[in-house]
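Taking it in order: structure first as structure tokens, then the write-up.
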Amino acid sequence: MLSGKRILLIITGSIAAYKSLELIRLLTKAGASVEAALTPGGKQFVTPLSVETLTGKKAHIEMWDDDAYEMNHIELSRSADLVIVAPATADFIAKVSRGEGDDLASTLMLAKNKPAIFAPSMNVEMWENPAFQRNLKTIESDGATVVSPKVDALACGEFGIGKMAEPETLFEATQQHFALATSLEGKRAIVTSGGTIERIDAVRYISNFSSGKQGNAIAIALAKSGAHVTLVSGLNSEVSASHPNLNRLSVESAEDMHQAVHESLPADIFVGCAAVCDFKVSNASDRKTKKAEGLNLTFEENPDIVASVGQLPKEQRPSAVVGFAAETENLIENAQDKRRRKGCDLVVANNVQSGAVFGQQSNTASFVSESGVQDLETMSKERLGQEIASWIASHLQD
Ligand code: C5P
């Protein structure tokens, strides 16, 4: 699977850098060609000579090397199929999150047009620092895959999360990346995300707490798997997904979303993750209602977008239709019922008791399909997005 793949490995300054030498060995043994760049800090922990001996290629350190004119940062980043940053220090992740390019390694990250896997390595307090966690989220929502560090005794003598994932784990993540990268190649997907808004008058609207994080994570995971994705997103989405395979449409109301989805068909995959307002205001005013006039709203039902796609005739219906069920009680029965009623292949069921899920970084879900129920552990919304993409890929193969 890795044969012929070109990997650019960036080694930054952490004691875990010695493990990257083993990673190079695993990757090259599997047939990949590895080229490495070291930050000045990385060079303190492993020598360029060790790296060059294992990769069989010159290790790149300086932006202005003698041969800079022939192997500059653009060429070096373009020639790779995948970039792995291992170990990735808190400082380097901060730089990447801000888009800085003040040395060769950070400039490579800025210039690359390929996916990246990060293997963070740091002290537990650094890992838990809110500023670092913000930066980590930023690189994840920009499309990076993060292989989490482990909880263990750390090189600094403290105990906790921060120890870089083992070379074997990074090797598996690399294999998984290439398996995923082609699993949905050539497929077209439509994903709805965020909440719709329904106008009351010229200045007021009704909406809900959806942040759009889960829908964006699914859209990114499908795009990373090779699908061409149209992300139809509510205007008040907190986050914006970006990936070369992804095209984003912003919509306001449920009716706009319904129309955008149907105009984007045909597709092989439809994922309805948006929190669509079930009702719209039928007597909305196009001017601002005065307080003295009072507010007497009447409602009418919005179209059900997932059902309108799931119930299409076979030749127009996407082969994989995924809906969500946010429930506070009888989670599985309600999700199974929803799956049949709306014509979904899979319903991702969430327990939203006490507001859990909305706006959070992680999600606890169950996959409800014709073949039964699969309870998933609590995981980041990014990882749940990948699980959904994998489920879809195997469903399309069946
Ligand atoms: O029936 P309920 O709103 O709980 O179902 C949730 C699922 O249906 C989600 O996948 C949501 O995106 C979708 N939905 C929809 N159109 C609506 C209401 C919900 O697509 N009008």
Side-chain angles (χ1 to χ4, degrees), residues 189-199 205-219 221-222 229-237 249-265 267 269-282 299-312 316-318 320-353 355-359 363 365-369 381 384-385 387-389 391-392 395:
I190 304 171
V191 179
T192 68
S193 92
T196 64
I197 68 176
E198 308 298 331
R199 283 179 183 252
Y205 66 80
I206 297 172
S207 190
N208 55 58
F209 290 117
S210 175
S211 64
K213 285 180 184 149
Q214 186 60 73
N216 279 13
I218 296 166
L222 292 171
V229 183
T230 302
L231 173 62
V232 185
S233 190
L235 281 179
N236 55 349
S237 253
L249 304 175
S250 291
V251 295
E252 187 175 297
S253 66
E255 274 180 354
D256 297 341
M257 187 173 271
H258 180 265
Q259 188 181 343
V261 164
H262 283 271
E263 282 174 4
S264 303
L265 286 167
I269 300 158
F270 176 76
V271 182
C273 186
V276 184
C277 294
D278 290 323
F279 296 95
K280 70 171 183 176
V281 180
S282 43
F299 294 94
E300 62 188 90
E301 218 170 302
N302 270 324
D304 191 306
I305 302 167
V306 168
S308 74
V309 175
Q311 291 162 357
L312 282 170
Q316 291 167 26
R317 182 189 181 276
V321 176
V322 179
F324 276 71
E327 305 284 345
T328 51
E329 54 211 28
N330 301 334
L331 181 65
I332 301 302
E333 294 99 281
N334 288 338
Q336 201 57 281
D337 175 55
K338 208 163 276 184
R339 191 183 68 76
R340 288 191 208 98
R341 258 190 305 117
K342 301 197 183 202
C344 297
D345 301 290
L346 174 70
V347 161
V348 181
N350 288 129
N351 191 333
V352 289
Q353 200 130 40
V357 179
F358 285 116
N363 205 338
S366 301
F367 282 178
V368 179
S369 66
K381 290 187 173 175
L384 183 58
E387 295 288 342
I388 293 169
W391 190 94
I392 291 171
H395 176 75

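Counting starts at 1 for both ligands and their atoms, following the listed order. Fair warning: this is a prediction, and the values are worked out from it, not measured in the lab.
Taking the side chain as every heavy atom from C-beta outward, Gln316 and Leu265 never approach each other to under 4.5 Å. Val281 has its side chain out of reach of Tyr205: every pair of non-hydrogen atoms, C-beta onward, lies at least 4.5 Å apart.
The residue Glu327 has no part lying near ligand 1, judged by heavy-atom distances below 4.0 Å. Under 4.0 Å from ligand 1, not a single heavy atom of Asn302 appears.
Atoms of ligand 1 found under 4.0 Å from any heavy atom of Ala274, numbered from 1 in the order shown, are 11 (C), 12 (O).
Panel note: side chain Ser193, backbone Ala274; no donor-acceptor pair is recorded below 3.5 Å. Listed for the Asn363 side chain is no donor-acceptor partner under 3.5 Å among the backbone atoms of Gln214. Between the side chain of Ser366 and the backbone N or O of Ala349 there is no donor-acceptor pair closer than 3.5 Å. Remark: side-chain polar atoms of Asp256 are not paired, donor with acceptor, to backbone N or O of Val251 under 3.5 angstrom.
Using the six-membered ring where Trp is involved, Trp391 and His395 have ring planes that are parallel, under 30° apart on the 30 and 60° scheme.
More than 12 heavy atoms of other shown residues, nucleotides or ligands fall within 6.0 angstrom of atom CZ in Arg317.
Distances between N or O atoms of Val306 and those of ligand 1 include at least one value under 3.5 Å. Below 3.5 Å of separation, one finds an N or O of Pro303 facing an N or O of ligand 1. Residue Ala275 has no nitrogen or oxygen atom sitting less than 3.5 Å from a nitrogen or oxygen atom of ligand 1, judged on distance alone. Note: no N/O pair closer than 3.5 Å links Ala325 and ligand 1 by distance alone. At least one N or O atom of Lys338, backbone or side chain, sits closer than 3.5 Å to an N or O atom of ligand 1. Considering backbone and side-chain atoms together, Ile305 places an N or O closer than 3.5 Å to an N or O of ligand 1. Between Gly323 and ligand 1, not a single N/O pair is under 3.5 Å apart.
Distances shorter than 4.0 angstrom do not occur between any heavy atom of Glu301 and any atom of ligand 1.
With Lys280 as the partner, the salt bridge (Lys or Arg N to Asp or Glu O under 4.0 Å) test is satisfied by one option alone out of Glu255, Glu252, Glu198: Glu255.
Protein heavy atom in closest approach to atom 18 (C) of ligand 1: Asp278 OD1, 3.4 Å. In terms of protein heavy-atom proximity, atom 9 (C) of ligand 1 is nearest to Phe324 O, 3.3 Å.
Heavy-atom proximity to atom 8 (O) of ligand 1, evaluated over Lys342, His258, Met257, is greatest for Lys342.
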